2 protein chains.
Amino acid sequence: MATVAIVGAGFMGSAMAWPLADNGHSVRLVGTPLDAEIIRQCRAEGAHPRLRRPLPAGVRPCFAEELGEALAGADIVVSGVNSRGVRWLGSALAPHLRPTQLLLAITKGLEVGADGALVILPDVLAAELPASLREPLGMAAVGGPCIAGELAGRRDTRVIFGARDLGVAERLAAACRTPYYRVTTTADLVALEVCAALKNAYAVAVGVASGLLERRGGPDAAGAQLHNAAAAMFGQACAEMRRLLEALGLTAAFAAGLPGAGDLYVTCQGGRTVRLGRLLGLGHPPEEARAALRGETLEGLEIVAVMARALPALAARGRLGAEELPLLRGLIGLIAEGRSADWFLATSLAA
Amino acid sequence: MATVAIVGAGFMGSAMAWPLADNGHSVRLVGTPLDAEIIRQCRAEGAHPRLRRPLPAGVRPCFAEELGEALAGADIVVSGVNSRGVRWLGSALAPHLRPTQLLLAITKGLEVGADGALVILPDVLAAELPASLREPLGMAAVGGPCIAGELAGRRDTRVIFGARDLGVAERLAAACRTPYYRVTTTADLVALEVCAALKNAYAVAVGVASGLLERRGGPDAAGAQLHNAAAAMFGQACAEMRRLLEALGLTAAFAAGLPGAGDLYVTCQGGRTVRLGRLLGLGHPPEEARAALRGETLEGLEIVAVMARALPALAARGRLGAEELPLLRGLIGLIAEGRSADWFLATSLAA
């Protein structure tokens, strides 16, 4: 049995405590400086306030100040921060990590370099580490559909761990796998991360359909909604993920699988990303939608901004035509260029 | 402007009258012998009783007995019958069709030959026609997400017309295309039809998750549902559609697009196929579920039975491994072999 330090006590980081504890590992759930109240409640009540469940036996909640202690003796470190916390986490881990430890990153997101190239978050984190650690440290990331509350509820879930070194993914999968948390592995870490990030952009598009429906007065007298339009966006989203993976030289088949269609499907079942889309569909400008959802990490907005910078670079390198990915370009128009939801619908459904 | 005869006055056949009439075509909506009451009401009230809308101007409802008259002078014939009516329609059309007419088939389904090879419904229909008609007659079929009630409500919809002769698909698309009914075309008719049929099998799987959730007492105290499991099935469904298309030598990219993921998404939004899955998930044997849904065409059951016969043939020809497509094999176990929903969940989510 291993010792695991999860850093970040929000939904997804904390939820990983369930399969890890069920496998008999000793788990230290370490809050970030923003998670102090969560950790206090975990300690006082033995239950996680956001996940609304008693913590499994064998999970020790720790404050950010105890990070060094928590990492000492850990075999596995789980990065459970959100996309804005990745740099902080890298620098916070840097003094404590040892090259024999394994790191599992659950943060979803993408960044874009000055040259327009996409950068996955595990590499953003690694860049904060001393060079002596970067190479030897085994890092993997998680893709596929996983609502944290269901994982903590031990509900059947299937995901993929990806690592450039497949052996690292396999070792981490072996530590995490339970009868309810099924884990397969891939060596195409970048494809996995690209899907995990893109699905948050495309789920916004599906959400826009529900907002547009409301704005047009809801279902008509005969009950017609906008499922056809939402489904057209869903299908187009998968086609564009496939095309983008292909343009990036990655495993295009992931689009029609757990990392693409599967994760997009679960994201469309509710949550902040479709709520964001609904607000945009109702006609609220992005800044109003952002204000209405303040306190939530809106990865959808972030990834659209990232792709707005990445697409011209892909076009310049001849990887992508200037007219390709009309749905993603529609999202860029809607979110970054102040276009209307009606314009977006017309554009995104154009052949 | 053309004259169009739609044969079959159920949901989808009738809904095609809206874009056709909006394009100024003269439309004859011809009921099958089973549609007499629908046609009577269309005539008496000027509204379609199932679609619950006034028929557009320029649509003339006709009884089955008027088929010959309705087909005379028609430039386009739309096959709007369900999968069980295809042979009837072929033989009913045979005496009246002329080689210059175009035929658009909206029926979803697949059959399997004695050799285990899949047969698309347009070919089943064509087999009922005299040999002198089969070659010259231009036939196309429709794929992609389209709820009939939304099409009749003129809600934004995007579909694909497929024909072995792309020119035929283009001509029919030009006749049907409106601002709310966007049509693109493909020459891979078979891939389009395979996706349209398979999505009804895979939507059953997604429905099973909702039935299992109910049987387990619904969401738990913290609100956890089975979205992760449903999404895992959705993602696996797309991956298996891709693999099947590939094994059949067809356009595998359709799985991550409108015909695969898009059509599966809209099918999962409700309707008889997911209701069937829910009943199976609740533990009802297939015959009970069929009885509870009597009167509905359960394409999901039909296509699973078809695939149960097609998979061994594909394996025998070396196109598919015996262990591939675990979700489809799980559906075959559940529906054709009396396995339980719990067995199905465990099998279908296995790596």
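Each chain gets a letter, A, B and so on, in the order the sequences are listed, and its residues count up from 1. Since the model is a prediction, treat every value here as computed from it, not as a measurement. Hydrogens, waters and symmetry mates are skipped; everything else that's a heavy atom, side chains included, is used.
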For each of [options], tally heavy-atom pairs with chain B at distances under 4.5 Å, and name the one with the top tally.
| options | value |
| --- | --- |
| Gly260(A), Ala346(A), Ala221(A), Gly223(A) | Ala346(A) |
| Ala256(A), Cys238(A), Ala232(A) | Ala256(A) |
| Gly149(A), Ala253(A), Gly153(A) | Ala253(A) |

For [X], is it the side chain, the backbone, both or neither that has a heavy atom under 4.5 Å from a heavy atom of chain B?
| X | value |
| --- | --- |
| Ser348(A) | backbone |
| Leu212(A) | neither |
| Val159(A) | neither |
| Pro219(A) | backbone |
| Ala152(A) | neither |

Option in [options] with maximal non-hydrogen atom pairs under 4.5 Å from chain A:
| options | value |
| --- | --- |
| Ala231(B), Gly270(B), Gly262(B) | Ala231(B) |
| Ala237(B), Pro145(B), Ala230(B) | Pro145(B) |
| Met241(B), Gln236(B), Arg243(B) | Gln236(B) |
| Ala229(B), Gly257(B), Ala261(B), Pro179(B) | Gly257(B) |

Would you find more than 12 non-hydrogen atoms of other residues, nucleotides or ligands less than 6.0 Å from Arg329(A) atom CZ? yes
How long is the straight-line distance from [atom2] of [Y] back to [atom1] of [X], given to the nearest 0.5 Å?
| X | Y | atom1 | atom2 | result |
| --- | --- | --- | --- | --- |
| Leu258(B) | Leu349(A) | CG | CG | 9.0 Å |
| Met233(B) | Arg158(A) | CE | CZ | 10.0 Å |
| Asp156(A) | Asp342(B) | CG | CG | 9.0 Å |
| His227(A) | Cys146(B) | NE2 | SG | 13.0 Å |

Can you tell me which portion of Arg216(B) sits under 4.5 Å from chain A's heavy atoms? Options are side chain, backbone, both or neither.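 Answer is side chain: those atoms of Arg216(B) sit under 4.5 Å from chain A.
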Leu51(B), part contacting chain A, at a heavy-atom distance under 4.5 Å: backbone
Parallel, tilted or perpendicular, as decided by the 30° and 60° cut-offs, for the rings of Phe234(B) and Tyr265(A):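 Parallel, since the angle between the ring planes stays under 30°.
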Would the distance check show the side chain of Asn228(B) and the main-chain N or O of Ile147(A) forming a donor-acceptor pair, the cut-off being under 3.5 Å?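 Checked: pair present.
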Between Gln225(A) (side chain) and Glu150(B) (backbone), is there a donor-acceptor pair under 3.5 Å?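 Between the backbone of Glu150(B) and the side chain of Gln225(A) there is no qualifying donor-acceptor contact (under 3.5 Å).
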Of the non-hydrogen atoms in Leu226(A) and Arg155(B), which two are nearest, and what is the gap between them?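 Smallest heavy-atom distance, with atoms named: CD2-CD, 3.8 Å.
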Asp220(A) and side chain to side chain donor-acceptor pair (under 3.5 Å): which single residue from Arg154(B), Arg52(B), Arg53(B) fits?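 Output: one option passes, namely Arg53(B).
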